[in-house]
Amino acid sequence: MQGEGSEDFNSTIDPTQGSEDFNSTIDILIATVLILCFIVGLAGNISALLYFWSAGRKSVADKLYIVVVSVDIGTCIFQIPTIVSLLNNRDPMLYADSFVC
């Protein structure tokens, strides 16, 4: 059973709405900021991971920090499809795959 006004809502959805509605300058700016965060985050987290991995002490806090840094490295790497999509006029690329999303 459909709720009241549902036909009006469905008629306003335009499936042909494409990436031409997006501002490419803003997309490039966002992609640039993400690239900078990726570079700084990856360099800092890898250096922290190497430091705590090679440290002789392996307390619980050190092991937890290694886990946190590893997750943060993964977070930095998972930005790559978003950056590529923003630089290619929001082409979904990896996000169009049903296995990923």
Counting only N and O atoms by type, is there a donor-acceptor contact under 3.5 Å from the side chain of S85 to the main-chain atoms of P81? no
Applying side-chain contact (heavy atoms from CB on, under 4.5 Å) to V40 and not counting sequence neighbours gives none
Got a second to check how far L87's CG is from I30's CD1, nearest 0.5 Å? 11.0 Å
K58, NZ: over 12 other non-hydrogen atoms inside 6.0 angstrom: yes
Determine the minimum heavy-atom distance between L34 and I83, stating which atoms define it. CB-CG1, 3.6 Å
Shared ILVMFWY cluster between L64 and V71, side chains joined below 4.5 angstrom? no
Rounded to the nearest 0.5 Å, the OG1 atom of T75 sits from the CG atom of L42 at a distance of 11.0 Å
Nearest 0.5 angstrom please: I46 CD1 to S70 OG, how far? 10.0 Å
Does I73 share a hydrophobic cluster with V68, counting links as ILVMFWY side-chain heavy atoms below 4.5 Å and allowing steps through other members? no
Give every residue pair that meets the ring-ring contact (aromatic ring centres under 6.0 Å, His included) criterion with at least one member in residues 33-64, sequence neighbours excluded. F52-Y65
Kindly write out the residues that satisfy salt bridge (Lys or Arg N to Asp or Glu O under 4.0 Å) with D62, not counting sequence neighbours, or none if the list is empty. R57
Rounded distance [0.5 Å steps], CG in L86 versus CG in L29: 10.5 Å
